Participant: 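The structure's right below; bear with me while I get my questions together.
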Amino acid sequence: MDLKIEKNLEVKYKKLDEIIEKYKKQKGMLIRILQESQDVFGYLPMEVQTYISDKLNIPISTINGIVSFYSLFSQKPQGKYTIGVCLGTACYVKGAQEVLEAIKKELQIDVGETTMDGLFTLKATRCIGACGLAPVITINDEVYGRLTPSDIPAILYKYIKTHKETILSK
Ligand code: FES
């Protein structure tokens, strides 16, 4: 393994130990530990789940059951940008499905998938409380509202451009 990647992984596992240590005696700690571990690793691969299972002495089946059940957890690597398309009632009525189709077509991925370049992950979400702006999508922390399918290419291009600029400036 590349030395830099190995070092990076070592740092992440050190953080994981700290998280486990911090919460292990608290009630309902497992979800919290999983959430913070996902923040560190970006997702929850089987190796991380097994590590947590060993450290807490909780069966891996219990941990994997939780990770598989809750949509906030992911077992696959996520893109740099996560697109959430709200499919709540207000958004749905105002054309969220068409917006979703436009994103799928533009990125050539389905819901739950990540683009080959690792840039975008597409998710369908429930109401995010911005119904007045329906139909709504989020890209990481940014919210876009009153969308039509024709708005999608320009929005996505903005992120592609930012990403390219970041790479070129390194
Ligand atoms: S239904 Fe989409 S924000 Fe409420």
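Counting starts at 1 for both ligands and their atoms, following the listed order. Quantities reported herein were computed from a predicted structural model and do not represent experimental measurements. Excluded from the calculations below are hydrogen atoms, water molecules and symmetry mates; all remaining heavy atoms, backbone and side chain alike, are included.
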Participant: Kindly write out the residues that satisfy side-chain contact (heavy atoms from CB on, under 4.5 Å) with Arg126, not counting sequence neighbours, or none if the list is empty.
Facilitator: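 Here no residue qualifies.
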Participant: For a quick check under 3.5 Å, do Glu47 and Tyr13 share a side-chain donor-acceptor pair by atom type?
Facilitator: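 Checked: Glu47/Tyr13 side chains show no N/O donor-acceptor pair below 3.5 Å.
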Participant: Check side chain to side chain donor-acceptor pair (under 3.5 Å) between Glu165 and all other residues, then give those that pass, not counting sequence neighbours.
Facilitator: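 Counting only residues at least two positions away or on another chain, Glu165 forms no side chain to side chain donor-acceptor pair (under 3.5 Å).
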Participant: Side-chain donor-acceptor contacts of residues 83-96 below 3.5 Å, not counting sequence neighbours, with atom names and distances?
Facilitator:
none

Participant: Just do the side-chain hydrogen bond (donor to acceptor under 3.5 Å, both in side chains) check on Tyr159 and Glu142 with the steps written out, would you?
Facilitator: CA-CA 11 Å; Tyr159 289 88; Glu142 284 189 76; 3.1 Å; yes
Participant: Side chains of Thr114 and Pro77: closer than 4.5 Å at any heavy-atom pair?
Facilitator: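 No; the side chains remain at least 4.5 Å from each other.
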Participant: Can you count the protein N, O or S atoms that lie less than 2.8 Å from atom 2 (Fe) of ligand 1?
Facilitator: 2
